[in-house]
Amino acid sequence: MIICHPLKLIFIKTKKVGGTSFEIALSSYCDENSIITPISPKDEEIRKALSYPGPQNHQTQTWPDGNEGKQAFFNHMTAGQIRAAVPQEIWESYTKITIWRDPYDAIISRYYWEGMDKRNIPFDLFVENFRSVLSENRRIAPLGGPNSPDIFLRYEHLEEDVNALGVDDLWARFSSLSAKAALRPKSGADPATLFAKHPDTADLIEQEAASEIARFGYTRPNPTPAPGTAEHAPPRASGDTPSVSAPSDSSQPDFIFTLSAGRTGTAWLARFLGDNLNIPSVHEPLGLDAYGTRLPSISHMRHFNTYGMNGPLCDFWEGKLSELQAPYAESNHTLGKCGLIEALIDHGLAPRTTIIILRRNLAKQIASYVVRNDFFNITIPWQWYLHPDYHNKIVDPAPLKHLGDVGSAIWYALEMEARYAYYKHIYGGQLQFIEATLEDAVTPDGAAKLLRALRHKGHPKLPPKANASPQNGNITDTLVAEVETLLSRVNFDAEEAALAFIQRGNRLDVPALPRQCAAAGKVAAE
């Protein structure tokens with residue numbers, strides 16, 4: 001990747017798109033303070049022969065304002081990682097660019113680049129078993145959200161798009177290079193031929209890459225091979241509307257997840273969705289091998305709420321989401337606190353996913369935490385909830401600290417309310433959010449309403465309570481009344497807190513910025 005100060009450009013380098021050649025060409029415009037990450041020794045020789053600047057400032061930096069930095073920049077760094085490493089002014093004022101390629105063509109390039117043909121691994125088997133590579137570039141350069149690049153240079157229209165940048169001679173320098181030359185056979189390896197032999201593989205790509213197919217108008221390769229197809233001359237993408245696997249208004253979503261604080265009926269919801277939609281529906285995968293793979297570990301929770309979507313988090317979501325098969329539902333409340341929404345956007349699953357924001361009466365929810373001593377041992381909030389000491393948070397816990405564990409439980413409930421509002425504001429145009437309360441959903445009318453929102457027309461089946469805590473009713477009623485009194489004294493608006501957080505330039509998927517307003521995100525107790 002490159003940060004070119006003279007051009008005020010940040011190049012986010014995706015894979016198998018001619019990125020190395022573009023990187024070599026772009027380095028010719030860099031000054032001594034620009035950031036250039038290393039490429040392969042062979043490609044560095046090409047850059048050196050052209051007398052272009054080589055790797056520099058990727059371990060320590062001097063920014064244009066004179067400040068020093070000690071950030072580590074590297075090849076194929078994700079946009080989120082770059083955003084977290086550069087000064088906010090640089091990220092906001094520089095143009096972020098990347099290169100994008102037709103997924104049907106890109107996966108063929110990857111197949112031959114990895115030498116799978118020489119290892120006698122069939123093309124369809126490679127795609128089936130390594131489908132995570134289909135979402136790799138969406139993880140590096142998300143199609144939407146705060147980490148999305150400003151400009152996507154289309155591999156199929158590079159001359160047009162590179163010239164549109166208005167950088168003198170950039171196309172001439174780029175087009176004269178051939179770093180990482182083609183490894184495909186001269187015949188039989190074009191998209192039309194390969195996918196005519198493997199239509200099921202084309203179906204899989206259509207499903208996995210639905211968001212980018214829709215975004216850039218890519219179409220399934222024509223079953224009749226086009227003569228003269230080559231590695232660096234792929235068929236031009238059509239502007240026709242493709243057939244994608246995103247659900248229509250009349251179909252149920254492929255994937256259903258919850259945003260929830262926990263102790264809100266998520267176990268019941270998992271049973272409800274499975275019984276009524278007749279789909280695999282999971283609450284919390286608690287198998288011995290699930291921690292750190294299907295269920296986030298403590299380190300995943302702590303990383304997200306401290307550093308945002310960094311490498312370990314991206315790897316976790318890459319593994320988890322790449323294994324999912326539609327239809328699928330999961331009401332695991334921990335996921336929404338370690339990057340679920342961001343990962344769905346990055347992996348292109350958003351058009352096929354519905355998020356249920358599941359609430360419960362706030363006082364009863366908080367009372368449940370208190371009765372169970374959920375905030376007494378710090379390990380429990382780290383693994384299952386959130387802790388007030390996390391760096392990335394919307395709500396300031398200071399006014400509630402004098403209440404001890406009860407104050408932590410109240411802060412957590414309010415923080416989650418603010419996060420619901422935050423995610424709707426940031427991603428409401430890309431994801432469908434459905435809001436439900438446990439008290440309403442367990443009634444016949446409320447259950448029917450929830451099913452209609454999920455585009456299901458059947459009569460609801462209401463399962464019994466699940467995962468309920470054995471509690472003394474009198475103590476709980478008393479505690480609920482006390483919590484209600486405390487909540488009545490708190491001046492808190494979730495929408496206001498979320499908007500203030502966003503307007504300060506903060507995002508949950510990157511490290512927190514210093515608070516610029518002492519009142520922002522705070523609760524005020526009367």
Side-chain angles (χ1 to χ4, degrees), residues 103 131-132 134-136 138-139 142-148 203-215 242-260 266 269-270 272-274 276-285 294-296 304 309 313-314 316-358 419-436 450-456 508-509:
R131 64 173 63 189
S132 62
L134 291 167
S135 60
E136 201 166 32
R138 293 196 302 272
R139 178 171 68 84
L143 297 178
N147 297 332
S148 180
D203 291 340
L204 188 152
I205 293 171
E206 186 175 43
Q207 178 181 11
E208 294 289 333
S211 59
E212 60 193 274
I213 290 172
R215 168 75 175 268
S243 172
V244 298
S245 56
S248 66
D249 291 340
S250 61
S251 65
Q252 294 175 19
D254 286 345
F255 301 102
I256 301 170
F257 290 98
T258 54
L259 272 181
S260 170
T266 49
L269 180 64
F272 173 79
L273 295 174
N276 287 277
L277 303 182
N278 194 29
I279 63 174
S281 183
V282 176
H283 176 218
E284 293 163 359
R294 299 180 63 205
L295 185 78
F304 180 76
M309 289 290 277
L313 260 296
C314 291
F316 165 75
W317 285 111
E318 182 74 26
K320 179 176 177 67
L321 295 183
S322 64
E323 292 181 358
L324 297 185
Q325 299 291 322
Y328 177 83
E330 185 171 337
S331 60
N332 175 1
H333 71 90
T334 65
L335 299 181
K337 289 165 280 193
C338 67
L340 167 68
I341 304 301
E342 292 85 353
L344 291 171
I345 300 295
D346 289 355
H347 286 256
L349 294 182
R352 305 166 55 199
T353 303
T354 290
I355 301 296
I356 299 175
I357 296 177
L358 182 64
R419 291 195 180 202
Y420 304 153
Y422 165 88
Y423 279 121
K424 287 191 296 179
H425 276 291
I426 296 291
Y427 299 110
Q430 300 174 71
L431 267 167
Q432 180 186 17
F433 291 92
I434 294 174
E435 301 195 44
L450 177 55
L451 289 178
R452 285 196 300 272
L454 294 169
R455 302 187 287 278
H456 178 78
L508 291 174
D509 59 342

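All residue numbers refer to positions in the sequence shown, counting from 1. Quick caveat, the model's predicted, so the values are computed rather than measured.
In this structure, CD in Q207 is found 7.0 Å from CD in Q325, a value given to the nearest 0.5 Å. Rounded to the nearest 0.5 Å, atoms CD1 (I434) and CD1 (I357) are 10.0 Å apart. The CZ atom of F433 lies 10.0 Å from the OG1 atom of T354; values are rounded to the nearest 0.5 Å. Of the inter-residue distances, the one linking F257 atom CZ with L324 atom CG reads 5.0 Å to the nearest 0.5 angstrom. Summarising the geometry, atom NZ belonging to K320 is positioned 7.5 Å from atom CG belonging to L295; distances are rounded to the nearest 0.5 Å. Atoms OG and CD1, from S211 and I213 in turn, are 8.5 Å apart once rounded to the nearest 0.5 Å.
Taking all atoms of both residues into account, the shortest heavy-atom contact from A453 to Q432 is O-NE2, 3.9 Å. Between P296 and L335, the closest heavy-atom pair is CD-CD2, 3.6 Å. Smallest separation of non-hydrogen atoms from I205 and P103: CG2-CB, 4.1 Å. When all heavy atoms of A326 and D254 are compared, the pair lying nearest together is CB-CB, 3.7 Å. The minimum heavy-atom distance linking Q430 with G145 is given by the pair NE2-N, 3.6 Å.
A donor-acceptor pair shorter than 3.5 Å cannot be found between the side chains of S135 and E208.
No side-chain heavy atom of I355 sits under 4.5 Å from any side-chain heavy atom of Y427. Side-chain atoms of F272 and L450, non-hydrogen and from C-beta on, do get closer than 4.5 Å to each other. No side-chain heavy atom of V282 sits under 4.5 Å from any side-chain heavy atom of N332. Residues P327 and Q252 are not in side-chain contact: their nearest non-hydrogen atoms beyond the backbone lie 4.5 Å or more apart. Between L259 and R419, every side-chain heavy-atom pair lies at or beyond the 4.5 Å cut-off. Residues L508 and I426 form no side-chain contact, since every pair of their non-hydrogen atoms from C-beta on lies 4.5 Å or further apart. Using a 4.5 Å heavy-atom threshold, the side chains of L454 and L273 count as touching. The side-chain heavy atoms of P146 and E342, taken from C-beta on, include no pair separated by under 4.5 Å.
With respect to the salt-bridge test (charged N to carboxylate O, under 4.0 angstrom), the residues E330 and R294 do not qualify.
Between the side chain of S148 and the backbone N or O of P142, at least one donor-acceptor pair lies under 3.5 Å. Side-chain atoms of H333 never come within 3.5 Å of backbone atoms of T266 as a donor-acceptor pair (strictly under, hydrogens ignored). With hydrogens and angles ignored, the 3.5 Å screen pairs a side-chain donor or acceptor of R215 with a backbone N or O of L143.
Not counting sequence neighbours, the partners of A343 by the side-chain contact (heavy atoms from CB on, under 4.5 Å) test are M309, W317, L321, H347. Evaluation of the ring pair (Phe, Tyr, Trp, His ring centres under 6.0 Å) rule for F304 yields no partner, not counting sequence neighbours. Remark: D203 engages D200, E206, R220 in a side-chain contact (heavy atoms from CB on, under 4.5 Å) (not counting sequence neighbours).
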